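Numbers restart at 1 for each chain; the letters A, B, ... are given by sequence-line order, proteins then strands. Given the structure is predicted, the values throughout are model-derived calculations rather than measurements.
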There are 2 protein chains.
Amino acid sequence: MNKYRLTQTRSQLLKLLKNTPLPVSAEDLLQKVPVNKTTIYRQLTSMVAQGLIKPVLFTDRTLRYESADRDHHHHLICTNCKKIIDISFPENIEQTAQTSASAQKFKINTHHLEFFGLCQNCQ
Amino acid sequence: MNKYRLTQTRSQLLKLLKNTPLPVSAEDLLQKVPVNKTTIYRQLTSMVAQGLIKPVLFTDRTLRYESADRDHHHHLICTNCKKIIDISFPENIEQTAQTSASAQKFKINTHHLEFFGLCQNCQ
DNA sequence: TGACTTTTGCAACTAAGTTGCAATAATATA
DNA sequence: TATATTATTGCAACTTAGTTGCAAAAGTCA
Ligand SMILES: [Mn+2]
Ligand SMILES: [Mn+2]
Ligand SMILES: [Zn+2]
Ligand SMILES: [Zn+2]
């Protein structure tokens with residue numbers, strides 16, 4: 001009853017996305033899997049729809065994806081070497097923001113938070 | 001001694017960017033100022049370099065700009081109608097995050113935070 | 001095995017943004 | 001003010017991430 005078929009290509013891509021701890025771009029995948037770029041883009045779209053992966057947009061405007069079975073977290077991004085480090089934020093940001101948002105009758109559902117700076121190597 | 005010249009085009013664009021409270025895209029400007037798109041992109045780059053405006057990348061991947069003389073703030077974005085509302089966040093996010101970041105010897109300089117949800121009209 | 005449906009590759013396309021170059025406009029200086 | 005200098009502009013051509021239509025290939029299920 002699952003309309004998604006587990007093709008060779010799909011499993012290879014999923015394996016890579018599951019095993020790579022940090023967000024992967026379409027181009028990264030293209031270099032590692034012998035498949036047409038059209039297929040990469042279509043598979044990424046399909047996997048997002050299926051809830052297997054999540055898109056993460058970086059400020060260099062590259063769109064990357066990471067496995068969806070991760071806990072909610074954020075990223076530290078080195079502005080020099082582009083290294084990405086996962087980080088979890090201790091407080092409930094949405095709850096804090098909802099207080100100000102309520103004044104405008106805005107209902108917050110999700111948020112997106114990234115930090116920029118220098119990694120150990122680059123400082 | 002200022003290498004930036006205050007041309008007709010530049011003043012028109014600056015005026016729009018100063019008077020529009022919410023982030024403006026290159027396309028927005030193109031529709032309002034009778035000027036070539038190449039000029040728009042070059043002026044935006046130049047104004048960012050000069051520190052007059054700041055680029056803001058939204059998760060829908062549109063790049064927008066807003067006047068740089070604003071206090072640090074964030075955005076509430078309606079996922080339905082794309083309305084943008086400015087919001088300030090009461091706490092020092094970077095300080096809180098720096099505690100976790102220090103474990104990886106990462107030095108935070110800036111951050112980027114957006115909230116998504118529904119505006120009053122769309123809920 | 002088929003029949004049915006999804007996935008794939010290919011080539012052509014789209015759209016945001018960039019580049020080189022010659023013409024034009026702004027500014028500095030005589 | 002007139003002229004020299006340098007930045008800005010428009011244009012056309014280009015780049016590049018991502019998209020689309022279509023026919024062939026592969027996956028699923030009876
Ligand atoms: Mn991550
Ligand atoms: Mn704003
Ligand atoms: Zn680094
Ligand atoms: Zn709305």
Side-chain angles (χ1 to χ4, degrees), chain A residues 1-18 20 22-66 68 77 82 84 112 114, chain B residues 1-18 20 22-66 68 77 82 84 112 114:
Chain A
M1 278 296 147
N2 188 348
K3 69 169 183 170
Y4 298 103
R5 295 181 178 176
L6 197 58
T7 61
Q8 295 294 325
T9 299
R10 192 179 186 83
S11 3
Q12 285 180 70
L13 293 176
L14 262 177
K15 195 173 172 184
L16 270 174
L17 285 156
K18 293 265 176 191
T20 312
L22 294 170
V24 180
S25 68
E27 212 195 322
D28 291 342
L29 295 171
L30 202 44
Q31 290 178 325
K32 290 179 186 166
V33 181
V35 75
N36 192 276
K37 70 169 177 169
T38 314
T39 302
I40 299 271
Y41 287 113
R42 284 196 279 227
Q43 278 296 341
L44 288 171
T45 304
S46 161
M47 291 177 199
V48 169
Q50 201 183 174
L52 297 175
I53 58 174
K54 282 185 184 168
V56 190
L57 179 61
F58 288 88
T59 32
D60 63 359
R61 303 193 76 181
T62 55
L63 189 54
R64 294 171 172 272
Y65 298 85
E66 64 183 3
I77 302 163
K82 312 301 177 194
I84 301 163
H112 184 214
E114 281 175 4
Chain B
M1 278 297 149
N2 188 349
K3 68 169 185 169
Y4 298 103
R5 294 181 179 177
L6 198 58
T7 61
Q8 297 293 325
T9 300
R10 191 180 188 83
S11 5
Q12 286 180 69
L13 292 176
L14 262 178
K15 195 174 174 184
L16 270 174
L17 284 156
K18 292 264 176 195
T20 311
L22 294 171
V24 181
S25 68
E27 212 196 322
D28 291 341
L29 296 170
L30 203 43
Q31 289 179 324
K32 290 179 184 165
V33 181
V35 74
N36 191 276
K37 69 170 178 170
T38 313
T39 303
I40 300 271
Y41 287 113
R42 284 196 278 227
Q43 277 297 341
L44 287 171
T45 304
S46 161
M47 291 175 196
V48 169
Q50 202 182 173
L52 296 175
I53 58 174
K54 282 184 186 171
V56 190
L57 179 60
F58 287 89
T59 32
D60 65 357
R61 307 194 72 182
T62 55
L63 188 54
R64 295 171 171 273
Y65 298 84
E66 65 181 3
I77 302 164
K82 311 300 176 195
I84 301 164
H112 184 218
E114 282 174 4

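The side chain of A:Lys37 lies closest to D:dT19 when the candidates are C:dG17, D:dT19, C:dT7. In this structure, of D:dT8, C:dG9, D:dG10, it is D:dT8 that holds the atom nearest to the side chain of B:Tyr4. Of the candidates C:dT7, C:dT27, C:dG9, the closest approach to any side-chain atom of B:Leu6 belongs to C:dT27. Counting only heavy atoms from C-beta on, A:Thr38 has its side chain closest to C:dC10 among C:dC10, C:dT19, C:dT7.
Considering every non-hydrogen atom in both A:Arg64 and A:Asp28, the closest pair reads NH1-OD2, 3.2 Å. Shortest non-hydrogen contact noted between A:Leu57 and A:His112 is O-CE1, 3.6 Å. When all heavy atoms are compared, the tightest approach of B:Leu17 to B:Tyr65 is CD2-O, 3.9 Å.
Within the 4.0 Å cut-off from OP1 or OP2 of C:dG17, at least one side-chain nitrogen or oxygen of A:Arg61 is found. Here A:Thr7 reaches the OP1 or OP2 of C:dT8: one of its side-chain N or O atoms lies under 4.0 Å away. Checking the phosphate oxygens (OP1, OP2) of C:dG9, a side-chain nitrogen or oxygen of A:Thr39 falls inside 4.0 Å. Look at A:Asn36 and you won't find any side-chain N or O under 4.0 angstrom from OP1 or OP2 of C:dT8. OP1 or OP2 of D:dT9 lies within a sub-4.0 Å distance of a side-chain N or O belonging to B:Thr9. Put simply, A:Gln8 has no side-chain N or O that comes within less than 4.0 Å of OP1 or OP2 on C:dT7. Contact annotation: A:Tyr41 does not reach the phosphate of D:dT19 (side-chain N/O to OP1 or OP2, under 4.0 Å).
Taking atom CD of A:Gln43 as the reference point, atom C1' of D:dA26 lies 13 Å away to the nearest angstrom. Protein atom CD1 of A:Ile40 is 10 Å distant from nucleotide atom P of C:dT8, rounded to whole Å. For the pair B:Gln12 CD and D:dT8 C1', the interatomic distance rounds to 14 Å; values are reported in whole Å. B:Leu29 places its CG atom 11 Å from the P atom of C:dG17, with the value rounded to the nearest Å. Note: CG (A:Leu13) to P (C:dT7) measures 13 Å, nearest angstrom. The distance between atom CG of A:Asp60 and atom C1' of D:dT16, rounded to the nearest whole Å, is 15 Å. The CZ-P distance, from A:Arg64 to D:dG18, rounds to 11 Å in whole Å. Between B:Leu63 atom CG and C:dA16 atom C1' there is a gap of 10 Å when expressed in whole angstrom units.
Not a single donor-acceptor contact under 3.5 angstrom links the side-chain atoms of B:Arg42 to the base of D:dT8. Interface remark: the B:Arg5 side chain does form a donor-acceptor pair with the D:dT6 base, using a distance-only criterion of under 3.5 Å.
Atom CG of residue A:Leu29 and atom CG of residue A:Leu44 lie 6.0 Å apart, to the nearest 0.5 angstrom.
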- request: Decide yes or no on side chain to side chain donor-acceptor pair (under 3.5 Å) for A:Thr39 and A:Asn36, but give the supporting numbers first.
  value: CA-CA 5 Å; A:Thr39 302; A:Asn36 192 276; 5.0 Å; no

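Contact check for B:Glu66 versus B:Val56: side-chain heavy atoms found under the 4.5 Å cut-off.
When each of B:Glu27 and A:Ser46 is assigned the nucleotide of DNA chain C bearing its nearest heavy atom, the one mapping closer to the 5' terminus is A:Ser46.
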